[in-house]
Amino acid sequence: MNFTEAIRLSKKYAECPKCGNGNIGAGEGTINIDENSFERTCKCGWSKTIKVNPNSQRFTF
């Protein structure tokens with residue numbers, strides 16, 4: 001995942017759309033970004049994973 005897209009997704013999912021929690025760490029939620037995916041979770045149980053096809057750089061939700 002390129003840097004620009006990672007930043008865009010981080011801003012989009014900075015707060016949980018289910019409960020509004022904006023914290024990560026210490027049991028509040030997580031954010032994981034690597035070359036092929038973006039994942040954001042929340043303590044309320046909500047999660048979002050977006051994967052990148054490395055051959056086409058297209059995103060799957």
Side-chain angles (χ1 to χ4, degrees):
M1 175 169 295
N2 69 46
F3 179 75
T4 303
E5 189 62 18
I7 294 298
R8 185 186 74 77
L9 291 170
S10 295
K11 288 179 181 179
K12 181 176 181 177
Y13 296 110
E15 293 183 355
C16 172
K18 185 175 178 183
C19 72
N21 180 21
N23 299 318
I24 57 171
E28 294 288 315
T30 64
I31 188 167
N32 295 306
I33 303 169
D34 66 27
E35 62 189 34
N36 297 316
S37 66
F38 172 93
E39 180 183 30
R40 168 73 163 95
T41 66
C42 182
K43 67 180 180 179
C44 73
W46 174 85
S47 69
K48 182 72 170 183
T49 301
I50 300 169
K51 297 188 182 240
V52 177
N53 180 336
N55 296 325
S56 68
Q57 287 296 308
R58 296 190 145 248
F59 301 96
T60 56
F61 297 87

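Since the model is a prediction, treat every value here as computed from it, not as a measurement.
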Measure the NZ-CD1 distance between K11 and I7 for me, rounded to the nearest 0.5 Å.
7.0 Å
Got a sec, which pairs hit salt bridge (Lys or Arg N to Asp or Glu O under 4.0 Å) with one end in residues 14-27, sequence neighbours left out?
none
Euclidean distance, I50 CD1 relative to E39 CD, rounded to 0.5 Å
10.5 Å
Looking at residues at least two apart in the chain, or sitting in another chain, which of them share a salt bridge (charged side-chain N to carboxylate O under 4.0 Å, His left out) with K43?
E28
Under the side chain to side chain contact (heavy atoms under 4.5 Å, CB included) rule, collect the residues that match up with I33, sequence neighbours excluded.
M1, A6, S10, I31, F38
Inter-residue atom distance T4.OG1 - L9.CG, 0.5 Å rounding:
11.0 Å
Across all chains, not counting sequence neighbours, the side chain to side chain contact (heavy atoms under 4.5 Å, CB included) partners of T30 are N32, T41
State, yes or no, whether a side-chain contact exists between W46 and P17 at a heavy-atom distance under 4.5 Å.
yes
Work out which heavy atom in K48 is nearest to a heavy atom in Y13; give both atom names and the distance.
CE-OH, 3.3 Å
Could you pull out the closest heavy-atom pair between R40 and N23, with the gap in Å?
NH2-O, 4.0 Å
